[in-house]
Amino acid sequence: MPELPEVDTVVSDLNEIITGKRIRGLFSIGRKNIKFYDDVSSNLTIKQKIKSVERRGKYILIHLNNNSTIVVHLRMTGQLLYLLQNIGTSQLKHIRAVLNFSDDSKLVFNDTRNFGEISFFQDKKSLTSYLSKLGREPLEIKNDEFVSLFKNKKGNIKANLLRQDLICGIGNIYADESLFLSQIHPQTKCTNLSEGELLSLIRSIKKVLKNAIDLRGTSMRDYLDVNGNSGKYSTTLNVYGRTKIPCKTCGNEIQKIKVAGRGTHFCPNCQQK
DNA sequence: GACAATGTTACAGT
DNA sequence: CACTGTAACATTGT
């Protein structure tokens, strides 16, 4: 699922839909689905109002009126679905947690593979410390900062793009798509990239992410927005999931290899080492 | 049955 | 020490 554009779509929808709602309770199915970093109970969320919803990297931050925050990470298959009071959940086979509101609507956390995570932070200090592991936001970093951050990194460019402690929010789909736009081979060593190539890459990253946000993300298999709708970026993809399909630019077949442990798609003609 | 899947982290090996 | 690859988490679909 969910990389920056998908998480951003969920967050902006949630901000419009649940801001100001009062929480009646947070229920988790199975003990391990909610982690409490501050050794406090989720009872602290009861009767609180939603202050705002924010994104940091691939994390969804649901800020409450008492300064505490519920943090959700969807990992591979998580979905946050907003349901009105009269909507049942029998269709959803992997509900892990439910946030109930006082108007009887609810936010359901459905996650097939159960990799997703809900964490609870009592105050901004502990939240900030938890999020401090994250690197820069790709849509906010200055182009020259990106260049200096990446130009001397060890290893290949794709592995480094996936590192959330350098730049956060890029996942497998948008790494492949950004590298294609800049005609950079995913296995190119960072040290072999010119400043011009890195400059081109950060421009591609911003372009790809913004375009994907405009189209409300990519749905490969599991991703749905809070209203249960698919993202529409899927048809815009140039390389991801297009193995053996002709390149939209040159007609050569898109290749799939393994880089940094992940399936990696590229055009062997447009992207040469 | 084997394998891969949008993510992240821990650990073994080189 | 640094980097790379694999396993692990759990489930589904091809």
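Model, not experiment: these values are computed from the prediction. The sequence lines fix the lettering, A, B, ..., with proteins before strands; numbering per chain opens at 1. Only this structure's heavy atoms are used, side chains among them; waters, hydrogens and symmetry mates stay out.
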**Student:** Please state how far atom CG in L161(A) lies from atom P in dT8(B), giving the value in whole angstrom units.
**Tutor:**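 Roughly 13 Å, once rounded to whole Å.
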**Student:** Salt bridge or not for E137(A) and R56(A), using N-O below 4.0 Å?
**Tutor:**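 Answer for the salt bridge query: yes.
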**Student:** Do F266(A) and F180(A) have their ring centres less than 6.0 Å from each other?
**Tutor:**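 No.
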**Student:** Measure CG/D111(A) against P/dT11(C) and give the value in whole Å, please.
**Tutor:**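 Value for this atom pair: 10 Å.
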**Student:** Reckon G263(A) touches a base, only the sugar-phosphate, or nothing at all at heavy-atom distances under 4.0 Å?
**Tutor:**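 Sugar-phosphate contact only.
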**Student:** Within this structure, what is the NZ-to-P distance between K153(A) and dT4(C), rounded to whole angstrom?
**Tutor:**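 In whole Å, dT4(C) P lies 13 Å from K153(A) NZ.
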**Student:** How are the rings of H73(A) and Y59(A) set relative to one another: parallel (under 30°), tilted (30 to 60°) or perpendicular (over 60°)?
**Tutor:**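 The rings of H73(A) and Y59(A) stand perpendicular, inter-plane angle above 60°.
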**Student:** Just checking, any donor-acceptor pair under 3.5 angstrom between side chains of K158(A) and N172(A)?
**Tutor:**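 Result is yes, a qualifying pair exists.
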**Student:** With a cut-off of less than 4.0 Å, is there a side-chain N or O of H94(A) near OP1 or OP2 of dT11(C)?
**Tutor:**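 Looking at the OP1 and OP2 atoms of dT11(C), neither is under 4.0 Å from any side-chain N or O of H94(A).
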**Student:** Report the hydrophobic cluster partners of I245(A), with the cluster defined as I, L, V, M, F, W, Y residues connected by side-chain heavy atoms closer than 4.5 angstrom, directly or transitively.
**Tutor:**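 Answer for I245(A): none, a lone residue.
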**Student:** Just the atom pairs and distances: protein N or O near nucleotides 10-14 of chain B's N or O, under 3.5 Å.
**Tutor:**
none

**Student:** Tell me which nucleotide among dG13(C), dG7(B), dT8(B) gets nearest to the side chain of M76(A).
**Tutor:**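 Of the candidates, dG7(B) comes closest.
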**Student:** Starting from Watson-Crick (N1-N3 plus N6-O4 or O6-N4) and G-U wobble pairs under 3.5 Å, report the runs of at least three that DNA chain B belongs to.
**Tutor:**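 Output for stems: B:2-5 with C:11-14, B:7-14 with C:2-9.
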**Student:** Tell me whether the side-chain N/O atoms of Q164(A) come closer than 4.0 Å to OP1 or OP2 in dT8(B).
**Tutor:**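 Yes, within the criterion.
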**Student:** Of the candidate nucleotides dT4(C), dA5(B), dT9(B), which contains the atom at the shortest distance from the side chain of K189(A)?
**Tutor:**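 Closest of the options to the side chain of K189(A): dT4(C).
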**Student:** At under 4.0 Å, does any side-chain N or O of R75(A) touch on OP1 or OP2 of dC9(C)?
**Tutor:**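 False: R75(A) side-chain N/O out of range (4.0 Å or more) of dC9(C) OP1/OP2.
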**Student:** Within the 4.0 Å heavy-atom criterion, would you say K93(A) contacts the bases, only the backbone, or no part of the nucleic acid?
**Tutor:**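 Nothing: the residue K93(A), judged by heavy atoms under 4.0 Å, touches no strand.
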**Student:** Does a nitrogen or oxygen in the side chain of K258(A) sit under 4.0 Å from OP1 or OP2 of dT6(C)?
**Tutor:**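 Looking at the OP1 and OP2 atoms of dT6(C), neither is under 4.0 Å from any side-chain N or O of K258(A).
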**Student:** Verify the stacking flag for F115(A) against dC9(C): centroid separation must be under 5.5 angstrom and the ring planes must differ by under 30 degrees.
**Tutor:**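 The base of dC9(C) is stacked with F115(A) (centres under 5.5 Å, planes under 30°).
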**Student:** Is it the case that K133(A) places NZ or CZ above or below the six-membered ring of Y130(A), under 6.0 angstrom from the centre and within 45 degrees of the axis?
**Tutor:**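 The answer is yes, since K133(A) meets both limits relative to Y130(A).
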